[in-house]
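Everything quoted here is computed from the prediction, not taken from an experiment.
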Amino acid sequence: MIRIFHKISFSQYVVIIMLLLMSFFFPFFFSAYTSPFYPGFHGADSAIFMTMGRAVVQGKLLYKEIFDIKGPLIFFINALGQFIYNGRFGTFLVQVMFMTGTVLGMYKTARLFISRMKSVAAVFLSLIVMTATYERGNLTEEYCLTFIFPSLYCACRYWKEGKKFHPSIYSLIYGLSMGLLLWTRINNGATVMAITFYIYLTIIFTGNMKLFVKNLLFFLIGLLLISVPIIVLFWMQGSLKEMFYGTFTFLFSYAQAGVLARPAWKWNMALYNVSPAVGFLIVTLIYSRYMNRNLGKMLGFAILITTGSLLVGMNYPHYYMILTPLFLVALSMTLEIISKKQPGRKKSAIANIFALTGIALSVYQNFSPVKAYMIRMYYDKTKPIYLGSVKDYLELAEMIPMEDQDSVWGYNINPAWYYVADILPCFKYFINQEQHLLIDPQMKQEIVVMLSEHPPKWIAKNSSDEVPFIELRDLLEQNYTLVADLSLIRLYHRIGE
C-alpha cells in the first residue's frame with residue numbers, strides 16, 4: 001500500500017483531489033432536491049423515487065404494492081439512500097458515490113485523447129454543460145451516466161489502441177452496462193447499444209465470425225449476470241408480471257403517447273434540445289478524416305442513434321443528460337485535433353477550425369437555455385413557497401392518527417407529500433393517476449375495485465374542484481367528509497371510520 005502511494009506523483013494527487021471535489025460539489029450545488037445546500041426543497045420525480053425507496057426499505061413489494069414506470073434499479077438505488085439515512089441526505093450521499101464513478105469515467109475516457117490537465121478541464125466543462133439538463137437531481141439519467149462510461153471507455157480504447165482483435169472482456173463490460181441501463185430506464189441505453197452494434201458490425205465485415213460469436217456470447221453473459229438475479233427476485237416475490245409491465249410495457253405506451261400528443265412547439269423544443277448533436281457530428285467527421293477513421297465513425301453513429309432515441313416519447317430536459325458522454329468525447333477529440341500537428345498547414349488549420357466550430361456550437365446550445373448560477377437565486381426566491389408547502393404537508397399528516405397511516409391514499413397529488421409526511425400509500429397507483437389513466441384505462445378499473453372493496457380511511461387529492469374520475473368524485477361526495485382544504489392539497493376522511 002505504501003509503495004502504491006509512493007508511485008503517485010504530486011500532479012496525480014492534485015488531479016485526484018480535483019476530481020473528488022467535483023464529484024462532491026456538483027450534486028451539492030446543483031441537486032436542489034436532495035442537497036443540504038437547499039433544505040426543504042422537494043421535487044416531483046425525485047420525491048417519487050425516494051418514496052419508492054423508502055417503501056422498499058419498509059418491506060413493500062415494488063410494482064405490486066407500490067408502482068411507478070421505471071426499472072427497479074432506480075428504486076433500489078434510492079432504497080440504498082434511505083437505508084443509509086432516512087431522509088434527503090441519504091439520497092445525496094448515494095448521488096455523490098455515483099457522481100464519483102461518473103467523473104472518474106469521464107476523466108479516464110478523456111485521457112485516451114488528451115493530457116492529464118486537459119482531461120480535468122474537459123471533465124469540468126462537461127459538468128458545467130450538464131447543468132442545462134440536470135433538473136435539480138436524483139433522476140435516472142444521472143445514475144445511468146455511471147453505467148455508460150465504462151462501455152464508452154472500452155470502445156474508445158479499442159479503436160485508439162488499434163487492436164487487431166476486439167477483446168472479449170470489453171464485450172462483457174458492454175453487457176454489464178446494458179443490463180444496468182435496461183433495468184434502470186431502457187431509453188438511456190441507446191449510446192451503449194450503438195457502440196456495441198457498430199463494433200460487432202465491423203467484426204462481421206472482416207469475416208471473423210468466430211470472434212463475433214465469442215464477443216456476442218460475452219455480451220450476453222454480462223447482460224444475464226445483471227438480468228437473471230433481478231428476474232429471479234421478482235419471480236420469487238410473485239410480482240414478475242407487474243415488474244415487466246412497469247419497466248417495459250407501460251413505459252413504451254407512455255413514450256408512444258408522448259409522441260402522438262406532442263404539439264408543434266414541443267417538437268421545436270425537442271429539436272432544439274438535440275441540436276448540440278450537430279456540433280458533435282462535425283467533430284466526429286473531422287476526427288474520422290484526420291485522426292482515427294473507425295473511432296470517429298463509431299461516435300458519429302452513437303450520436304445519431306442516441307439523438308434519435310431522444311425524439312421518441314415525452315420531452316423533458318433531463319432526458320438529454322445522456323448526451324453528456326458524447327459531449328465529453330467530442331470535446332476531447334477537439335482538443336486532440338488542435339494539439340496534434342496535421343500534415344500540411346492548410347489541412348491542419350481547416351481541421352482545427354471545423355472542430356472548434358463544432359464544439360462551440362454544442363457548448364453554446366447547452367449553455368443558452370439554462371444559467372446554472374441562477375439555481376440558488378431561484379431557490380431563495382421560491383423558498384417561502386416551498387417551506388409553506390412543507391408546512392401544509394406536515395399539518396395534514398398530523399390530522400391522520402398513527403394507527404390510520406396504513407390506510408391513506410392520494411389522487412393526483414404532489415408526490416412530495418408522501419415523502420415529507422413520511423406516509424406510504426395503501427394502494428400501488430399513488431401518483432400521476434390522471435395522466436396514467438389516459439394511457440392505460442385498465443388502471444382505472446383496478447382503482448375502482450380498490451375503492452369499492454378496500455376503501456382507504458383517508459384520501460388526499462389536489463386542490464382542483466374538478467375530478468375527471470367520476471367514480472372517485474361520487475365516492476368523495478357520498479362517503480367522505482372534507483377535513484382540510486389547503487392551497488395545494490385537500491384531505492378527506494371516510495365517514496364512520
- Message: Using ring centroids (six-membered ring only for Trp), state whether F92 and F24 fall under 6.0 Å.
- Response: yes
- Task: Enumerate the residue pairs fulfilling side-chain hydrogen bond (donor to acceptor under 3.5 Å, both in side chains) with a member in residues 17-30, sequence neighbours excluded, ordered by first and then second residue.
- Result: none
- Task: Look at the aromatic rings of Y85 and F89 and report parallel, tilted or perpendicular, splitting at 30° and 60°.
- Result: perpendicular
- Only pairs at least two apart or in different chains count here, so list each salt bridge (Lys or Arg N to Asp or Glu O under 4.0 Å) that has a residue in residues 403-418. D404-K457
- Does Y492 have any side chain to side chain donor-acceptor pair (under 3.5 Å) partners at least two apart in sequence or in another chain, and if so, which? none
- Can you name the side chain to side chain donor-acceptor pair (under 3.5 Å) partners of T51, sequence neighbours left out? none
Cut-off 3.5 Å, no hydrogens considered: what does the side-chain donor-acceptor table look like for residues 421-430, sequence neighbours left out?
{"unit_1": "D422", "atom_1": "OD1", "unit_2": "R54", "atom_2": "NH1", "d": "3.0"}
{"unit_1": "Y429", "atom_1": "OH", "unit_2": "E446", "atom_2": "OE1", "d": "3.4"}
{"unit_1": "Y429", "atom_1": "OH", "unit_2": "E446", "atom_2": "OE2", "d": "3.2"}

- Work out which heavy atom in I431 is nearest to a heavy atom in D68; give both atom names and the distance. CD1-OD1, 3.7 Å
- Here the pair of heavy atoms bringing F28 nearest to S35 is O-OG, 2.6 Å
- With a cut-off of 6.0 Å (strictly less than), are more than 12 heavy atoms of other residues, nucleotides or ligands near NZ of K60? yes
- Nearest heavy-atom pair of L491 and A460: which atoms, and what distance? CD1-CB, 4.2 Å
- Query: Mind checking what makes ring-ring contact (aromatic ring centres under 6.0 Å, His included) contact with F26, not counting sequence neighbours?
  - Reply: F30, Y134
- Query: Could you state the interatomic distance from CE (M106) to CE (M130), rounded to the nearest 0.5 Å?
  - Reply: 5.5 Å
- Message: Tell me whether the count of non-hydrogen atoms from other residues, nucleotides or ligands lying under 6.0 Å of CZ in F76 goes above 12.
- Response: yes
- Task: Determine whether more than 12 heavy atoms belonging to other residues, nucleotides or ligands lie under 6.0 Å from atom CE of M193.
- Result: no
- Test side-chain contact (heavy atoms from CB on, under 4.5 Å) on I489 and N414 and set out the steps. CA-CA 8 Å; I489 194 168; N414 188 331; over 6 Å; no
- Test side chain to side chain donor-acceptor pair (under 3.5 Å) applied to K70 - qualifying residues, sequence neighbours left out: none
- Query: Looking at CG of L145 and CE of M99, how far apart are the two atoms once the value is rounded to the nearest 0.5 Å?
  - Reply: 7.0 Å
- Y245 and D440: CA distance, side-chain angles, deciding distance, side-chain contact (heavy atoms from CB on, under 4.5 Å) verdict: CA-CA 11 Å; Y245 172 73; D440 185 359; 2.2 Å; yes
- Aromatic rings F67 and Y63: how do their planes relate, parallel, tilted or perpendicular, breaks at 30° and 60°? perpendicular
- Item | Check: K64 side chain, G238 main-chain N or O, donor-acceptor pair, under 3.5 Å | yes
- Under the ring-ring contact (aromatic ring centres under 6.0 Å, His included) rule, collect the residues that match up with F83, sequence neighbours excluded. none
- Query: If only atom types and distance count, is the side chain of T146 paired as donor or acceptor with the main-chain N or O of F98 below 3.5 Å?
  - Reply: yes
- Given C144 and L181, is the side-chain contact (heavy atoms from CB on, under 4.5 Å) satisfied, shown in steps? CA-CA 6 Å; C144 285; L181 293 163; 3.5 Å; yes
- Query: Relative to each other, are the rings of Y419 and H42 parallel, tilted or perpendicular (30° and 60° limits)?
  - Reply: tilted
- Do Y33 and T91 have side-chain N/O donor and acceptor atoms under 3.5 Å apart? no
- Message: Side chains of W183 and S227 only: does a donor on one sit below 3.5 Å from an acceptor on the other?
- Response: yes
- Message: Could you work out, with salt bridge (charged side-chain N to carboxylate O under 4.0 Å, His left out) as the rule, every residue matching E141, not counting sequence neighbours?
- Response: R185
- Query: What residue pairs, at least two apart or across chains, pass salt bridge (Lys or Arg N to Asp or Glu O under 4.0 Å) with a residue in residues 82-107?
  - Reply: none
- Message: If we check side chain to side chain contact (heavy atoms under 4.5 Å, CB included) with P150, which of these qualifies: T109, I173, V192, L180?
- Response: I173
- Query: Which pair of non-hydrogen atoms, one from M450 and one from P456, has the smallest distance, and what is that distance?
  - Reply: SD-CD, 3.8 Å
- Hey, could you give me the OH/CD distance between Y411 and Q433, rounded to the nearest 0.5 Å? 6.5 Å
- Taking R490 for the side chain and D485 for the main chain, is one N or O donor matched with an acceptor at less than 3.5 Å? no
- Please determine, by modelled atom types, if Y319 and N188 share a side-chain donor-acceptor pair under 3.5 angstrom. no
- Message: To check you understand the geometry: which heavy-atom pair defines the closest contact between T247 and P72, and what is its length?
- Response: OG1-CD, 3.7 Å
- Message: So does I128 get a backbone contact from the side chain of T131, meaning a donor-acceptor N/O pair under 3.5 Å?
- Response: yes
- Message: Under 6.0 Å between ring centres: does that hold for F25 and F29?
- Response: yes
- Query: Is the backbone of H493 close enough, under 3.5 Å, to the side chain of T481 for a donor and an acceptor to pair up by distance?
  - Reply: no
- Task: Pick out which of T100, T34, N138 makes a side-chain hydrogen bond (donor to acceptor under 3.5 Å, both in side chains) with Q95.
- Result: T34
- What pairs of residues pass the salt bridge (Lys or Arg N to Asp or Glu O under 4.0 Å) test when at least one of them lies in residues 32-50, not counting sequence neighbours? none
- Using side chain to side chain donor-acceptor pair (under 3.5 Å) as the criterion, list what pairs up with S126, not counting sequence neighbours. none
- Task: Begin from the C-alpha positions of Y174 and F219 and carry the test ring-ring contact (aromatic ring centres under 6.0 Å, His included) through to its verdict.
- Result: CA-CA 6 Å; Y174 304 155; F219 176 85; 7.4 Å; no
